[in-house]
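All residue numbers in this chain count up from 1 along the given sequence. Being a predicted model, the structure only gives us computed values, none of them experimental.
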Amino acid sequence: MLGPVILAASRSDALRRTLSAAPLTRPVVKRFIAGETIEATAPAIEDMAGQGLDVTLDVLGEDVTDPAEATRSRDAYLRLIEVLGPLQLGERAEMSVKLSCMGQALAGGHDIALANVTAIVEAAAAIGTTVTLDAEDHTTIDSTLAIHTALRERFPRTGAVVQSYLFRTEDDCRALAAAGSRVRLVKGAYKEPASVAHQDKAEVDKAYVRCLRILMEGDGYPMVGSHDPRIIAIAQDLAQRAGRKLTDYEFQMLYGIRSAEQHRLAAEGHRMRVYVAYGTDWYGYFMRRLAERPANLAFFLRSLAGRG
């Protein structure tokens, strides 16, 4: 029941200001946020690579309200690519991009976002890596998938994210599970109305398994975005039934969550990718992490009370 309340709070500017100013908040946030700049985050990327973990990098920010902000977001990703290049990690270090950061919600936002993200994808390809387009609220999905289709004409490794709590996602999985595609499946972390999304956790989980089966039986490359031990076990079983080798799919988890499990899967030979977010605009991202798992909220409250 807490999840919807926290998701609503993630849109509160007043709470954003209060928590951002609280002296005890930032040390807790560091559990989930790798750094404020790419220069500060790069050592963590290299450390994870040395431990057999791949990464996908997210420059924090969303809900851009003017073209200049969108340009700054684009340039932050271009700077990220400049830093990644010398590390020579190739697709072991890819990027996750929210099109709302690229100006998708502006007047003419579809074309603005496409132009901005194309510059990022071009630069990523030049250093041997790629980009995955993050999913956001349901009103953005058609535009995001259209941009994904356009990008794949030149950059077929561009990935997409789908969310199992949306009713439409099984059909989206069928459309996306084609040869050469890369599809990250997550449960979903935005507050959505009952008209478009499952509201019950058990129904979201069942939909996740149905979507995952479609992706595993398809011709693309599934990326299993989950921390749920049951989902992880089901994914391994579905992959085996579909005749997939360990290199034919991957697991993805968030930075700071279930690190021991990340290392266990990597040690077993699975490709394990960590979603690493960095930047100063952490509030919306952080609140969604609290909403996703009650354990995250308990950790946060204990830490604020000095017991974390």
Original post:
Just wondering, are more than 12 heavy atoms of other shown residues or ligands nearer than 6.0 Å to CD in Q88?
Top reply: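 For Q88, atom CD is not crowded (no more than 12 foreign heavy atoms under 6.0 Å).
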
Between [Y] and [X], does any NZ, NE, NH1 or NH2 come within less than 4.0 Å of an OD or OE carboxylate oxygen?
X    : Y    : value
R168 : D142 : yes
D171 : R174 : yes
R213 : E170 : no
E82  : R79  : yes

Can you find a heavy atom in the side chain of [X] that is under 4.5 Å from one in the side chain of [Y]?
X    : Y    : result
F32  : L254 : no
L151 : V131 : no
V55  : L89  : no
P222 : V183 : no

Side chains of [X] and [Y]: do they bring a donor and an acceptor to under 3.5 Å?
X    : Y    : result
T139 : D137 : yes
S96  : R184 : yes
T56  : E94  : yes

Treating Ile, Leu, Val, Met, Phe, Trp and Tyr as nodes and any side-chain heavy-atom pair under 4.5 angstrom as an edge, say whether [X] and [Y] lie in one connected cluster.
X    : Y    : answer
M223 : V97  : no
L114 : V161 : no
V276 : V186 : no

Subject >> Worked check of side-chain contact (heavy atoms from CB on, under 4.5 Å) between R244 and M216 >> reply: CA-CA 8 Å; R244 288 182 177 268; M216 287 293 187; 3.5 Å; yes

Taking [X] for the side chain and [Y] for the main chain, is one N or O donor matched with an acceptor at less than 3.5 Å?
X    : Y    : answer
T169 : Q163 : yes
N116 : R74  : no
H138 : L166 : no
T130 : R157 : yes
E136 : L99  : yes
D248 : K245 : yes
Q262 : I257 : yes
R273 : D54  : no
T129 : A93  : yes
Y77  : V59  : yes

Please report the closest heavy-atom contact between [X] and [Y], naming both atoms and the distance.
X    : Y    : answer
S181 : G220 : OG-CA, 3.4 Å
H198 : E203 : ND1-CB, 3.8 Å
S226 : Y208 : CB-OH, 3.9 Å
L78  : A119 : CD2-O, 3.8 Å
Y221 : T247 : CE1-O, 3.5 Å
T158 : V121 : OG1-CG1, 4.0 Å

Original post:
Can you tell which of L176, V209, V224, V162 makes a side-chain contact (heavy atoms from CB on, under 4.5 Å) with L185?
Top reply: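 Output: one option passes, namely V162.
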
If you measure from [atom1] on [X] to [atom2] on [Y], what distance do you get to the nearest 0.5 Å?
X    : Y    : atom1 : atom2 : answer
T140 : Q104 : OG1   : CD    : 5.0 Å
D228 : R258 : CG    : CZ    : 8.0 Å
L57  : Y278 : CG    : OH    : 6.5 Å
Y255 : I45  : OH    : CD1   : 10.0 Å
T71  : M102 : OG1   : CE    : 9.5 Å
L246 : L265 : CG    : CG    : 10.0 Å

**OP:** Output the rest of the hydrophobic cluster of I214: all Ile, Leu, Val, Met, Phe, Trp and Tyr residues reachable through side-chain heavy-atom contacts under 4.5 Å, sorted by chain and number.
**Re:**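 I214 shares its hydrophobic cluster with no other residue.
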
Subject >> Check against side-chain contact (heavy atoms from CB on, under 4.5 Å), Y275 and D134 >> reply: CA-CA 11 Å; Y275 190 106; D134 271 329; 2.6 Å; yes

Could you pull out every donor-acceptor pair under 3.5 Å between side chains of residues 229-238 and any protein atom, sequence neighbours left out?
| from | atom 1 | to | atom 2 | distance (Å) |
| --- | --- | --- | --- | --- |
| Q236 | NE2 | H270 | NE2 | 3.0 |
| D237 | OD1 | R241 | NE | 3.4 |
| D237 | OD2 | R241 | NE | 2.8 |

Subject >> Test log, rule salt bridge (Lys or Arg N to Asp or Glu O under 4.0 Å), inputs R72 and E69 >> reply: CA-CA 5 Å; R72 285 193 292 272; E69 286 183 77; 5.0 Å; no

**OP:** Test Q51 against H263 for side-chain hydrogen bond (donor to acceptor under 3.5 Å, both in side chains), laying out the working first.
**Re:** CA-CA 8 Å; Q51 297 177 56; H263 286 93; 2.5 Å; yes

Original post:
side-chain contact (heavy atoms from CB on, under 4.5 Å) between E122 and T118: does it pass, once the steps are laid out?
Top reply: CA-CA 6 Å; E122 288 173 341; T118 297; 3.7 Å; yes

Original post:
Are Y165 and F167 near enough that their ring centres are under 6.0 Å apart?
Top reply: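 For Y165 and F167, the ring centres are not under 6.0 Å apart.
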
Subject >> side-chain contact (heavy atoms from CB on, under 4.5 Å) assessment of V64 paired with S73 >> reply: CA-CA 9 Å; V64 160; S73 294; 4.1 Å; yes

